[in-house]
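This report concerns only the one structure given below.
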Amino acid sequence: MSDAVTSPAPAPAEAGAVETPFRRFCRDYAESRIATGALVVLVAIILVALLAPWISPTDPYDLASVSILDGKLKPGSQSMDGTTYWLGTDGAGRDLVSAIIYGLRISLGVGVMSGVVALCIGTAVGLAAAYFGGRTDTFIMRVVDIQLSFPAILIALILLAILGKGVDKIIIALVIAQWAYYARTVRASALVERNKEYIEAAQCLALGHNRIVFRHLFPNCLPPLIVVGTIQTAHAISLEATLSFLGVGLPISEPSLGLLISNGFDFMLSGLYWISFFPGVALLVTIVSINLVGDQLRDVLNPRLKK
Amino acid sequence: MTVFIIRRLIQSIAVVLVMSFIVFVGVNIVGDPVEMMVSDEADQAEREKVIKSMGLDKPWYIQYARFIGGAVQGDLGKSFVYGESALKIIVQRVPATLELALAALLMAVVLGIPLGVYAGLRPDSVGSKTIMAGSILGFSLPTFWVGLMFIMIFAVMLGWLPSTGRGDTVALMGIDVSFLTADGLSHLFLPAVNLALFKISMVIRLARAGTREVVHQDYIKFARAKGLSNRRVVLVHLMKNIMIPVVTVLGLEFGGLIAFSVVTETVFAWPGMGKLIIDSIQSLDRPVIVAYLMIIVLIFVIINLLVDVLYSMLDPRVRLSEVKS
């Protein structure tokens with residue numbers, strides 16, 4: 001059912017006879033049906049988030065089209081002009097389907113953005129530690145160890161208590177809370193790769209440090225990095241939602257899934273469950289599918305598990 | 001051994017100093033403390049008086065030295081909201097947080113170990129697969145959302161349990177605790193389960209992995225060959241051997257429980273430190289924020305120090321490799 005997603009794009013030229021590493025990777029990945037399903041769901045979620053302005057039934061933040069008279073409608077009820085609110089509306093009369101689609105866009109955006117920046121910083125630092133070794137390594141890894149002894153949510157909370165709310169600020173907080181995971185992963189695999197012959201050969205050719213590190217060492221450290229990157233991105237999305245729910249993350253002008261859930265919290269005690277429930281389901285589906293994809297990637301990319 | 005402890009102690013002090021510096025810079029350079037202290041209607045003379053009295057006319061290193069000097073003596077300023085010493089307010093909230101964290105820890109052990117051992121003994125049964133699927137959910141579900149759903153189901157829809165607060169408390173050795181009264185227990189139950197959920201999933205995985213490894217060991221086979229009852233094999237021979245990693249990880253994760261109690265306390269309006277910091281951030285109560293951050297850093301540094309020292313006692317390789325490098 002997932003051919004469109006998992007089959008490699010440049011296949012026709014090779015006529016399918018030769019097994020390229022990418023093809024083997026795809027075949028291994030598709031062995032798990034749950035993971036394939038998760039990938040399909042994830043791709044769908046990403047598409048929905050990217051295409052939000054075009055596929056969302058209404059623009060939830062266009063004040064002209066939102067009517068307070070439609071507020072707190074149950075899932076499946078109709079508005080006065082005949083549109084159906086499949087997941088109901090929130091306190092201000094916004095359609096929840098649209099709010100969730102836009103919320104996904106913000107949640108995914110913040111998660112992916114902070115994941116990418118943390119990955120770049122962590123990778124650079126981890127590679128430096130492994131390649132140069134000695135004092136540099138000891139110092140960097142000591143900092144990483146100390147940081148990892150504090151839970152990520154605590155570091156993010158401390159930073160946000162100081163910095164205040166904002167998209168840029170929560171990305172900074174998430175990057176600082178997460179770079180150390182990447183650094184540790186990259187260093188571990190780079191230490192193994194570093195002692196292999198191709199690095200020695202590159203050094204004998206008197207290539208520059210930059211070239212050896214980025215052209216030779218880095219590509220061979222990628223597999224574990226991809227796995228950690230997937231799982232940390234899921235973690236970043238969850239952290240952002242938590243912090244926004246606590247009221248220290250995103251400002252009210254950037255309604256991510258966490259803020260939507262937080263808004264619904266006020267109506268929860270009067271029994272209006274759907275305002276918190278559905279954004280939470282969207283968040284859950286996103287996080288679970290990313291985690292499942294990450295788990296499968298770990299199994300596929302780990303050479304020790306190869307038959 | 002002594003060398004190792006001294007090294008770790010110096011490192012811990014360094015971490016506390018660096019964190020205090022970050023917090024100090026964050027509060028005094030990024031934010032403007034005068035803006036927080038002086039009302040909008042104050043004229044220039046009043047502003048200058050406040051600046052003088054807070055020592056803000058001095059260079060930053062003298063300000064920092066004063067801050068540290070005050071902190072060492074337990075003076076972290078007065079709360080704007082409560083008008084009392086910030087440190088005192090936080091210390092008053094510590095027992096509630098600790099009670100919640102300990103209850104969650106207890107649940108993780110009481111629920112997690114039996115479920116994990118069962119899943120490890122019968123890896124292919126339907127029950128085990130359900131448990132493992134549940135533990136994956138436990139890892140992925142955002143804590144705050146689960147808390148909300150708990151409130152919705154058990155407090156709003158079914159009306160079985162209260163949704164907010166600590167309930168009746170009684171004093172135990174001068175500290176108010178909830179778990180000794182029926183009302184307090186009913187208030188404690190939902191937040192504790194909520195906080196424990198992640199740890200239960202983790203203990204299930206650890207116990208399952210441990211069990212699967214241990215059941216194939218010779219001493220289990222021997223115990224069975226000796227004709228011991230299944231009950232005795234599992235409860236005595238197996239349990240003892242899977243407890244080591246479980247206890248280690250739970251000890252390490254206790255700090256995590258305290259950190260995550262921020263979320264649970266906010267959802268269930270549990271009057272602990274976590275709720276206090278969120279309230280203080282909302283109301284810009286800077287002295288309390290600073291005091292909380294310093295105390296939480298101190299708590300973590302102490303936990304980490306204890307864990308490191310205990311480890312080095314249990315496993316000499318740790319301290320030997322350290323001293324060599």
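Only this structure's heavy atoms are used, side chains among them; waters, hydrogens and symmetry mates stay out. Chain A is the first sequence line, chain B the second, and so forth, proteins listed ahead of strands; every chain is numbered from 1.
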**Asked** At a heavy-atom separation under 4.5 Å, does L148(B) approach chain A through its side chain, its backbone, both, or neither?
**Response** both

**Message:** At a 4.5 Å cut-off on heavy atoms, which part of L141(B) comes close to chain A: side chain, backbone, both, or neither?
**Reply:** both

**Message:** Tell me whether F132(A) at atom CZ has more than 12 heavy atoms from other residues, nucleotides or ligands lying less than 6.0 Å away.
**Reply:** yes

**Prompt:** How many angstroms lie between atom CD1 of I136(B) and atom CD1 of I34(A), to the nearest 0.5 angstrom?
**Reply:** 7.5 Å

**Asked** Side chains of I296(B) and F150(A): closer than 4.5 Å at any heavy-atom pair?
**Response** no

**side-chain contact (heavy atoms from CB on, under 4.5 Å) evaluation trace for I278(B) with L157(A)** = CA-CA 9 Å; I278(B) 297 298; L157(A) 190 68; 4.2 Å; yes

**Message:** What part of V263(B) gets within 4.5 angstrom of chain A, counting heavy atoms only: side chain, backbone, both, or neither?
**Reply:** both

**Prompt:** At a heavy-atom separation under 4.5 Å, does V288(A) approach chain B through its side chain, its backbone, both, or neither?
**Reply:** both

**Prompt:** Where do P142(B) and I287(A) come nearest, in terms of heavy atoms and distance?
**Reply:** CG-CD1, 4.2 Å

**Asked** Could you state the interatomic distance from CH2 (W274(A)) to CE (M152(B)), rounded to the nearest 0.5 Å?
**Response** 11.0 Å

**Request:** Check each atom of V285(A) against the heavy atoms of chain B and say whether the ones under 4.5 Å are side chain, backbone, both or neither.
**Result:** neither

**Message:** Take a 6.0 Å sphere around CE of M132(B) and say whether it holds more than 12 heavy atoms from other residues, nucleotides or ligands.
**Reply:** yes

**Request:** Please flag which part of L283(A) lies under 4.5 Å from any non-hydrogen atom of chain B: side chain, backbone, both or neither.
**Result:** side chain

**Asked** Which bit of V267(B) comes within less than 4.5 Å of chain A, counting heavy atoms only: side chain, backbone, both or neither?
**Response** both

**Asked** Judged by atom type as modelled, is there a donor-acceptor pair below 3.5 Å linking the side chain of W145(B) to the main-chain atoms of S276(A)?
**Response** yes

**Item:** Contact class of I153(A) relative to chain B, heavy atoms under 4.5 angstrom
**Value:** side chain

**Fill in**
Most contact-rich option vs chain A, by heavy-atom pairs under 4.5 angstrom, among L293(B), T143(B), I151(B), is L293(B)

**Asked** Okay, side chain of Q282(B), backbone of L246(A): is any donor-acceptor separation there less than 3.5 Å?
**Response** yes

**Prompt:** Which heavy atom in N291(A) sits nearest to a heavy atom in S140(B), and how many Å separate them?
**Reply:** ND2-OG, 3.3 Å

**Request:** Might you point out which heavy atoms bring P151(A) and A259(B) nearest each other, and give the distance in Å?
**Result:** CG-CB, 3.7 Å

**Asked** Who wins among F139(B), F260(B), F144(B), F300(B) for the most heavy-atom pairs under 4.5 Å with chain A?
**Response** F144(B)

**Request:** Could you tell me which portion of I146(A) (side chain, backbone, both or neither) has an atom closer than 4.5 angstrom to a non-hydrogen atom of chain B?
**Result:** side chain

**Request:** Heavy atoms only, distances under 4.5 angstrom: which of S238(A), A241(A), G164(A), P279(A) has the most pairs with chain B? Name it, please.
**Result:** A241(A)

**Fill in**
Turns out that what part of V262(B) lies under 4.5 Å from chain A's heavy atoms comes down to both

